[in-house]
Amino acid sequence: MAELGEKKEPDKGLRELEGAEGGVVMRFAPNPNGPPTIGSARGIIINSEYVKRYGGKFLLRFDDTDPVNKRPMLEAYGWYLEDSEWLGAVPDEVVIASDRLPEYYEIAEELIQRKGAYVCRCDQASFKALKDAAKPCPHRDQSPEENMALWNDMMNGKLSPGEAVLRIKTDIVNKDPALRDWAAFRIVTADHPRVGEKYRVWPLLDFESGVEDHFLGVTHIIRGKDLMDSERRQGYLYDHMGWEYPTTIHWGRIKIHQFGSFSTSALRRALEAGEYAGWDDPGMPTVRALRRRGIRAEALRKFMIELGVGETDISISMESIYAENRKIVDPEAKRRFFVKDPATLVIEGDVPKTAKVPFHPTQDLGFREIPAGSKILISGDDLKELKAGGKLRLKDLCNIEFSSLDPLRARCIGIDPQQAKDMKLRIIHWAPTDGVPVKVMRPDGVDSGIGEAGIKDDLGKVVQFERYGFVRIDSAADGEVVAYFAHR
RNA sequence: GCUCCGGUAGUGUAGUCCGGCCAAUCAUUCCGGCCUUUCGAGCCGAAGACCCGGGUUCAAAUCCCGGCCGGAGCACCA
């Protein structure tokens with residue numbers, strides 16, 4: 001009986017992690033050269049989620065060892081902390097690689113002593129030629145003493161950038177050229193944003209990350225497929241040191257329809273070129289941009305966990321994230337009237353002076369009163385679809401018949417919603433003439449219009465502009481409201 | 001050139017390790033209908049996929065071989 005029922009259970013959420021029963025230590029290890037993106041969110045959420053599931057520690061580690069090509073930004077360290085916390089993944093420990101160079105040096109020296117590393121003085125091109133031919137370079141057989149002397153020359157300034165690197169001895173005839181004697185340290189004289197010119201010998205990723213994972217007792221690593229070779233490269237280092245390598249899992253590249261493929265460096269260039277107002281511009285695929293737009297952390301979490309961890313390269317749509325968010329936000333978001341590109345409508349007849357409008361169609365969130373009367377505003381989008389003689393209902397106000405479009409005039413033909421139903425009238429929203437100017441910042445531009453004055457009270461909240469979409473009220477100063485668009 | 005990984009509906013995802021319960025899961029999207037004082041939500045329904053070709057087997061999405069397509073590494077980047 002048991003066997004029959006067992007196998008069919010569909011996997012909900014994340015797949016089990018092998019060897020995780022006793023708890024796990026996992027890390028998310030970004031280079032802080034910009035703020036966390038949606039891709040970072042995946043790393044933060046999945047790693048921390050596994051830690052929540054099995055118990056253990058979630059670490060945030062900054063792999064900030066390139067002060068030149070991927071120069072860290074000082075502010076970004078804090079951004080990662082902030083965004084991790086917002087995503088519900090407060091790290092148990094924060095490690096910064098640029099603080100730990102002395103420890104790395106110790107391991108480097110140990111490796112030299114163990115004949116697992118050597119200082120290579122080939123220039124880049126000639127080493128590549130030798131490597132491609134599976135031939136050792138002339139420095140490979142130097143004694144530990146010779147290597148130590150050269151290593152000290154790297155440290156003390158006798159050697160200049162480009163004149164020497166420390167290489168890890170692997171297998172020079174390995175059939176995969178990517179694994180042959182990789183570089184572990186190089187000389188960099190540029191200053192580092194955090195530690196200045198304190199160090200002139202900097203580790204490269206495979207060394208720093210590999211050593212650090214061991215130091216920290218990381219049990220499981222999830223990383224991009226592009227770093228698949230890292231495990232095999234670092235495997236040689238681990239062998240030299242007699243360490244045991246963590247379990248690794250890989251995931252494919254993630255692309256988002258609405259943003260294309262993005263890298264922090266590319267975004268940084270676009271930002272510097274003035275294509276965006278900031279890292280939280282609604283067009284940015286950053287966590288802070290989504291937050292500003294009113295996307296909930298929980299929506300992101302659910303989405304990422306549903307995505308899971310696969311080696312397939314994927315191309316996702318923001319629509320899925322929006323759908324997740326809508327489920328969370330819809331029941332609690334107040335409804336508000338906002339008319340885009342407003343047009344003034346003069347109505348003859350007995351139009352109520354105010355309208356009493358519920359904040360939510362199904363939830364009991366109360367009512368607000370919106371001033372109405374013989375002059376109101378309707379949206380330019382609705383105006384385009386009107387014809388003289390046409391009838392429609394102004395939501396929660398009255399039913400009207402248009403007498404002319406230019407000038408825009410109508411006549412109130414009743415206030416009973418039942419009448420509108422019977423006549424099958426379209427229903428549109430509207431705004432008072434003394435409403436508040438609203439600017440909606442969208443990924444694809446800016447919409448302007450007028451909203452009901454009460455919008456000012458919803459500062460920081462997500463509301464639904466009826467028939468327009470969900471927005472987060474970002475600011476309400478100088479008589480103007482700025483809202484950030486989330487999604488329809 | 002050398003090396004590695006992947007390929008289930010429009011998009012993701014489950015199932016692949018240990019072949020039969022898979023005429024294939026779930027979500028989202030799209031399309032119909034209902035409902036609704038929002039073009040939102042809700043409800044009902046429908047459509048939609050195992051990259052191709054061989055092989056093994058009573059039986060293949062699942063194993064093997066070949067091909068095709070996609071991604072990645074071969075940096076003194078992360």
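What's counted below: heavy atoms across the whole structure, side chains too, no hydrogens, waters or symmetry copies. Letters A, B, ... are given to chains in the order of the sequence lines, protein chains preceding strands, and every chain is numbered from 1.
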Using a heavy-atom cut-off of under 4.0 Å over every strand shown, decide if A/Ala323 touches base, sugar-phosphate, or nothing. sugar-phosphate

Per atom distances to the A/Pro361 side chain, the nearest of B/G12, B/G40, B/C77 is B/G40

Here the distance between atom P of B/U38 and atom CD of A/Glu452, to the nearest Å, is 16 Å

Side-chain donor-acceptor contact under 3.5 Å, A/Arg194 with A/Ser98: yes

Say we look at B/C68 and B/C52: how far apart would their P atoms be, to the nearest angstrom?
16 Å

In Watson-Crick or G-U wobble terms, with both distances under 3.5 Å, the base opposite B/C63 is B/G55

**OP:** Just call it for A/Leu205: base, sugar-phosphate, or nothing, with non-hydrogen atoms closer than 4.0 Å on any strand.
**Re:** base

Phosphate-side-chain proximity, A/Lys131 and B/A75, N/O vs OP1/OP2 below 4.0 Å: yes

Nearest heavy-atom contact between A/Ile38 and A/Met318 is CD1-SD, 3.9 Å

Considering only heavy side-chain atoms of A/Lys421, the closest of B/C74, B/G7, B/U37 is B/U37

Of the candidates B/A78, B/U3, B/U11, the side chain of A/Asp176 sits closest to B/U3

Taken to the nearest whole Å, NZ/A/Lys327 to P/B/G42 is 8 Å

Atom CG of A/Leu227 and atom C1' of B/C77 are separated, to the nearest Å, by 11 Å

Closest to the side chain of A/Leu204, out of B/A27, B/C77, B/U38, is B/C77

A/Glu324 atom CD is separated from B/C26 atom P, nearest whole Å, by 16 Å

Notebook entry, point to check: Does any N or O donor sit under 3.5 Å from an N or O acceptor when you compare the side chain of A/Gln464 with the base of B/U38?
Noted result: yes

*Has A/Arg71 got a side-chain N or O lying under 4.0 Å from the OP1 or OP2 atom of B/C77?*
no

key: Inter-nucleotide C1' distance (B/A47, B/U29), Å rounded   = 12 Å

Residue set satisfying side-chain contact (heavy atoms from CB on, under 4.5 Å) with A/Asp313, at least two apart, ordered chain then number -> A/Lys225, A/Arg253

Rounded to whole Å, CD1 of A/Ile321 lies from P of B/A27 at a distance of 18 Å

When both distances are under 3.5 Å in a Watson-Crick or G-U wobble arrangement, the nucleotide paired with B/G6 is B/C69

* **Pairwise P distance for B/G66 and B/C30, with rounding to whole Å** => 43 Å

Exercise. Can you tell me how far C1' in B/A61 sits from the matching atom in B/C77, rounded to whole Å?
Worked result: 39 Å

Hey, what are the protein-to-nucleotides 66-70 of chain B N/O distances that come in under 3.5 Å?
none

Say we look at B/A49 and B/C44: how far apart would their C1' atoms be, to the nearest angstrom? 24 Å

Hey, is CG on A/Leu365 packed in by over 12 heavy atoms from elsewhere, all under 6.0 Å? yes

Here the distance between atom P of B/C5 and atom CD of A/Glu231, to the nearest Å, is 12 Å

Here the distance between atom C1' of B/A78 and atom CG of A/Asn31, to the nearest Å, is 6 Å

Walking RNA chain B from its 5' end, the first of A/His429 and A/Gly162 to be reached, judged by nearest nucleotide, is A/His429

- prompt: Taking only N and O in the side chain of A/Thr65, is any of them less than 4.0 Å away from OP1 or OP2 of B/A78?
  reply: yes

Can you see if the side chain of A/Arg15 gets near the phosphate of B/G15 - specifically, an N or O under 4.0 Å from OP1 or OP2?
yes

C1' gap between B/A24 and B/U8, integer Å: 9 Å

Problem set entry | A/Arg167 vs B/C76: side-chain N/O to OP1/OP2 distance below 4.0 Å | yes

Q. Between B/G6 and B/G10, how far is it from one P atom to the other, in whole Å?
A. 23 Å

P spacing across the pair B/G73 / B/G15, given as an integer number of angstrom: 28 Å

Point to revise | A/Val339/A/Tyr468 under side chain to side chain contact (heavy atoms under 4.5 Å, CB included): CA gap, chis, key distance, verdict | key: CA-CA 9 Å; A/Val339 296; A/Tyr468 180 85; over 6 Å; no

So does A/Arg233 get a backbone contact from the side chain of A/Trp182, meaning a donor-acceptor N/O pair under 3.5 Å?
yes

Sorted by chain and number, sequence neighbours left out, salt bridge (charged side-chain N to carboxylate O under 4.0 Å, His left out) with A/Glu311 holds for none

For A/Cys398, report the nucleic acid contact type (base, sugar-phosphate, nothing); a contact means any heavy atom under 4.0 Å. nothing

- Task: Mind checking A/Arg488 for me? I need base, sugar-phosphate or nothing, with any heavy atom below 4.0 Å counting as a touch.
- Result: sugar-phosphate

_Any N or O donor-acceptor pair under 3.5 Å from the base of B/G40 to the side chain of A/Glu466?_
no

Side-chain atoms of A/Arg326 come closest, of B/G12, B/U29, B/U3, to B/U29

Distance below 4.0 Å between A/Lys175 side-chain N/O and B/C4 OP1 or OP2 = yes

Partner of B/U36 under the Watson-Crick or G-U wobble criteria, both distances under 3.5 Å, comes out as none

With the side chain defined as heavy atoms from C-beta on, A/Ala183 is closest, among B/U37, B/C76, B/C5, to B/C76

Nearest heavy-atom approach of A/Phe207 to A/Ala108 is CZ-N, 4.0 Å

Just checking A/Ser315: base, sugar-phosphate only, or nothing, at a heavy-atom cut-off of under 4.0 Å? sugar-phosphate

Of A/Ile427 and A/Met228, the one whose closest nucleotide on RNA chain B sits nearer the 5' end is A/Met228

Atom CD of A/Glu306 and atom P of B/U29 are separated, to the nearest Å, by 13 Å

With the side chain defined as heavy atoms from C-beta on, A/Pro177 is closest, among B/C2, B/A78, B/G12, to B/C2

As its Watson-Crick or G-U partner within any shown strand, both distances under 3.5 Å, B/A46 has none

What's A/Asp396 touching, base or sugar-phosphate or nothing? Going by heavy atoms closer than 4.0 Å. base

Exercise for review: Looking at every strand, decide which applies to A/Gly252 at a 4.0 Å heavy-atom threshold: base, sugar-phosphate, or nothing.
Suggested key: nothing

- Message: Within the supplied structure, the quantity of interest is the number of heavy atoms (other residues, nucleotides, ligands) at a distance under 6.0 Å from A/Lys302 NZ; does it exceed 12?
- Response: no

Checklist entry - Base, sugar-phosphate alone, or nothing: which one does A/Asp381 contact when heavy atoms must sit under 4.0 Å apart? => result nothing

Heavy atoms of A/Pro331 and A/Gln363 approach each other most closely as O-CG, 3.1 Å

Between A/Phe470 and A/Ala333, the two heavy atoms sitting closest are CE2-CB, 3.9 Å

Can you list the steps and then say if A/Phe62 with A/Tyr77 is a ring pair (Phe, Tyr, Trp, His ring centres under 6.0 Å)?
-> CA-CA 8 Å; A/Phe62 294 105; A/Tyr77 295 83; 4.9 Å; yes

Under a 3.5 Å limit on both distances, the Watson-Crick or wobble mate of B/A23 is none

query = If you look at every strand shown and take non-hydrogen atoms under 4.0 Å, does A/Phe470 touch a base, only sugar-phosphate, or nothing?
reply = sugar-phosphate

